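For reference, the structure is listed below as structure tokens.
Please read these numbers as outputs of a predicted model, since none were measured by experiment. Note that ligands are numbered from 1 as they come in the structure, with each ligand's atoms numbered from 1 the same way.
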Amino acid sequence: MKPYRTMLPWMVAGQVLFAACCLAGEEPSALERDYNVAPVPFNKVRVADHFWTPRLETSRKVTIPYAFEQCEQTGRISNFKKSAGLLEGNHEGASFNDSDVYKIMEGAAYSLQVQPDRSMRLSLDQLIRVMAAAQWEDGYLFTFYSAPKRQPERLWTNVRSVHEQYCVGHMYEAAVAHYQVTGERSFLDVALKNADLICSVFNPAGRTDPPGHQEIEIGLCKLYRATGNAKYLDQAKFFLDQRGRTGRRGPNGDGGLYGTYSQDHVPVVEQKEAVGHSVRAAYLYTGMADVAALTGNMEYVEAIDTIWKDVVTTKLYLTGGIGAAGGHEGFGGPYELPNMTAYCETCASIANVLWNHRMFLMHGDAKYVDVLERTMYNAVLSGISMEGDTFFYPNVLESIGQHARSPWFGCACCPSNVARFIPSVPGFAYARKEKDLYVNLFLGGEVTFETPGNKVALSQETEYPWQGDVRITVAPEKEEPFAVRIRVPGWAQNQPVPSDLYAFVEKASDEVSLKINGEQAPVKIEKGYARIERTWRNGDTIELHLPMPVRRVVSHPNVKPNAGKVALQRGPIVYCLEGPDNDGNVSDLVIGDDAELAAEFQPDLLGGVVTISGEARTAKRTPDGRIVPDSTRPFTAIPYYAWAHRGRAPMTVWPGRVPEGARPKPADTLTYISKTTASFVHVSLEAIKDQILPVDSADSSGLQLDFWPHRGTTEWVQFEWDQQHEISSVKVYWFDDTGRGACHLPESWRVLYRKADGQFEPVAGRGAYGTEKDTFNKVEFDPVKTSAIKLEIVLPKQWSAGIQEVVIE
Ligand SMILES: [Zn+2]
């Protein structure tokens with residue numbers, strides 16, 4: 001073990017740091033140490049531009065009130081009233097529903113800072129009074145064990161799954177935000193009383209099991225920053241260090257109690273890869289960064305540096321989303337980045353932003369902001385509609401029209417998270433290290449930096465992300481030398497991400513350029529920043545020009561789902577093709593390297609977006625299975641975040657670059673031209689005749705038809721034609737996700753055909769009805785002349801079943 005409090009190169013030596021977020025009406029707490037680079041808190045940044053101002057307004061006027069209303073309607077708020085004895089009745093909903101209310105309160109607090117809103121302030125005050133009344137005398141606050149009556153015998157009996165600590169972690173964050181904005185201690189006092197209780201229960205002499213879902217570590221660090229009381233910091237570190245302790249055997253046979261799912265397989269300092277549930281994981285890494293910054297624990301830094309590299313090199317979607325697998329809502333293996341089944345939970349994207357922000361504050365390197373920006377403009381924004389009241393939980397990169405944003409979810413972690421995230425965006429834009437300033441994000445408006453012995457106002461004018469020109473005016477109160485570091489994004493330097501996971505097809509020909517007070521200046525890039533050091537005078541201007549040609553992006557060859565495919569990016573914005581702009585069909589489009597691409601701002605489309613258009617070819621499959629170019633068709637691509645605003649439609653971020661990379665229009669086989677129906681459809685009926693063969697029975701990347709959640713039933717699929725055909729064989733490729741899902745091979749199946757009288761009769765078989773995995777099972781029979789074939793499938797007693805592909809000949 002290395003010393004607990006050591007000085008690190010990225011920490012400020014010999015200097016007392018102040019809490020990064022100064023607290024309104026209070027002297028800031030003096031901390032021994034913190035991040036080397038200090039963020040400029042959101043409340044010092046005023047945003048005024050065409051991209052973010054409307055979103056902040058929508059958040060304040062629509063999302064936050066709407067989310068509170070949903071919390072009212074779904075019992076989340078009445079759970080607190082019941083716990084306070086103000087209402088009668090049972091607890092409603094999931095055990096962790098308190099967290100949603102806290103997150104929305106956090107968002108409301110941020111929003112209040114930007115725009116004072118009397119009624120929002122009053123509803124916050126009212127809620128806080130209810131919460132204070134619901135809090136037990138010892139500080140406990142969790143409605144699941146408090147309504148209809150307090151159940152002291154159940155406290156902490158299932159910290160793995162009911163998430164008491166996850167919920168109060170969000171309470172701490174909300175309480176600190178409320179305190180920062182209002183200067184009132186009402187909510188903070190509730191949070192501190194609760195944190196004191198947690199410290200008295202979970203400690204080396206008491207309970208040592210880690211929380212099932214990380215988050216409280218981040219909240220405790222915020223309590224430490226707000227109060228200067230090191231006990232909360234120590235508690236955060238204690239929780240981190242309880243993960244993966246040897247001597248405990250988890251269900252997976254590894255070190256901790258909960259296994260990789262909760263990053264509890266080995267101690268956090270020994271973790272090298274991102275595994276398990278991606279929201280838990282990214283909150284863990286964020287908490288580790290905070291504790292490392294506040295304590296000087298170098299082992300944490302080494303661990304999260306290694307994990308970060310693992311994520312950006314093998315586990316990051318082009319949109320900045322993380323978490324490939326829906327089964328455990330988490331990370332897949334290296335390069336496992338399927339598009340249609342991508343999970344990319346909105347919460348995980350938000351957590352990825354929080355984590356990368358901390359990594360930047362720790363290392364002062366713009367590559368972390370590159371990931372932050374990519375995630376924010378693409379994976380996060382996709383999670384909320386532009387109207388602000390519908391949401392995605394997973395954010396797929398390809399759809400055949402089965403996806404749409406929802407007004408709310410039973411598990412509403414994502415809507416409430418996005419409600420707190422959007423108003424916090426200004427807080428990621430700027431930072432400072434001693435006298436030097438960092439400009440990380442390009443958004444119009446003003447900011448005030450409070451530097452040692454000086455105050456520097458800075459304003460930005462820009463039409464980012466649609467245009468790459470940024471005009472910055474610097475106005476120091478006192479003329480003096482310091483450096484302004486302006487981020488030159490990786491995308492403007494031929495590097496879409498800080499790894500070889502993605503690459504631009506061609507190098508950009510235009511160069512980034514810079515003018516100081518109208519005079520061309522050299523662009524000297526240091527750690528991703530153009531560093532401009534001079535004596536700054538009031539009114540000095542910087543003009544940054546980031547060329548924004550349309551860029552073609554390809555994936556590392558190990559990302560199998562993206563083989564032969566290309567994506568389009570312009571500035572920080574990742575594009576997609578969606579049905580409404582492309583005659584309803586996008587999957588067969590091929591954008592060759594020779595296609596000319598034109599970018600155009602369309603003020604009336606989707607709130608005003610730059611679209612990319614050009615001429616694509618289409619791909620089709622021949623009857624003998626080859627994939628060949630077909631016709632040409634104009635195409636239009638829109639920003640990925642703006643998809644799913646015009647009804648359900650197919651969408652893809654990764655169209656073909658060559659015909660083999662597209663989903664070709666299927667050949668006119670008997671199966672394809674049939675009218676296909678089924679007794680029940682889960683996932684996709686079209687998938688069984690799309691002529692896309694799976695890698696194996698378990699492969700769900702190309703979609704399948706399955707009958708889940710039906711188990712033990714007899715199901716059918718029917719193929720009908722306008723005229724009779726002579727048919728003598730049927731091949732079925734079964735879907736089987738044993739070990740991951742509930743679909744097994746069927747118990748039995750048979751083929752029936754429709755006779756002239758309309759009745760179905762089994763075919764006279766010559767072969768067996770096979771149920772083999774990973775291959776076609778072909779049954780041959782005496783030829784029948786018929787207008788319909790029916791497959792009857794008997795599901796195993798305890799399980800469901802499914803079909804990848806059917807061929808009728
Ligand atoms: Zn979520």
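With Gln214 as reference, Gln263 is the one residue of Gln263, Gln165, Met288 to meet the side chain to side chain contact (heavy atoms under 4.5 Å, CB included) rule.
Arg646 pairs by the salt bridge (charged side-chain N to carboxylate O under 4.0 Å, His left out) definition with Glu578, Asp581, not counting sequence neighbours. In terms of the ring pair (Phe, Tyr, Trp, His ring centres under 6.0 Å) criterion, Tyr343 has no residue partners (sequence neighbours excluded).
Judged as a ring pair (Phe, Tyr, Trp, His ring centres under 6.0 Å), the pairs with a partner in residues 385-408 (not counting sequence neighbours) are, in order, Phe392-Trp643, Tyr393-Phe409.
Checked by atom type, the side-chain pair Tyr300/Asp241 shows a donor-acceptor distance below 3.5 Å.
Protein contacts to the Zn ion (ligand 1) involving N, O or S atoms at a distance below 2.8 Å are Glu345 OE2, Cys347 SG, Cys413 SG, Cys414 SG.
Judged purely by atom type and a 3.5 angstrom limit, Gln569 uses its side chain to pair as donor or acceptor with the backbone of Gly571.
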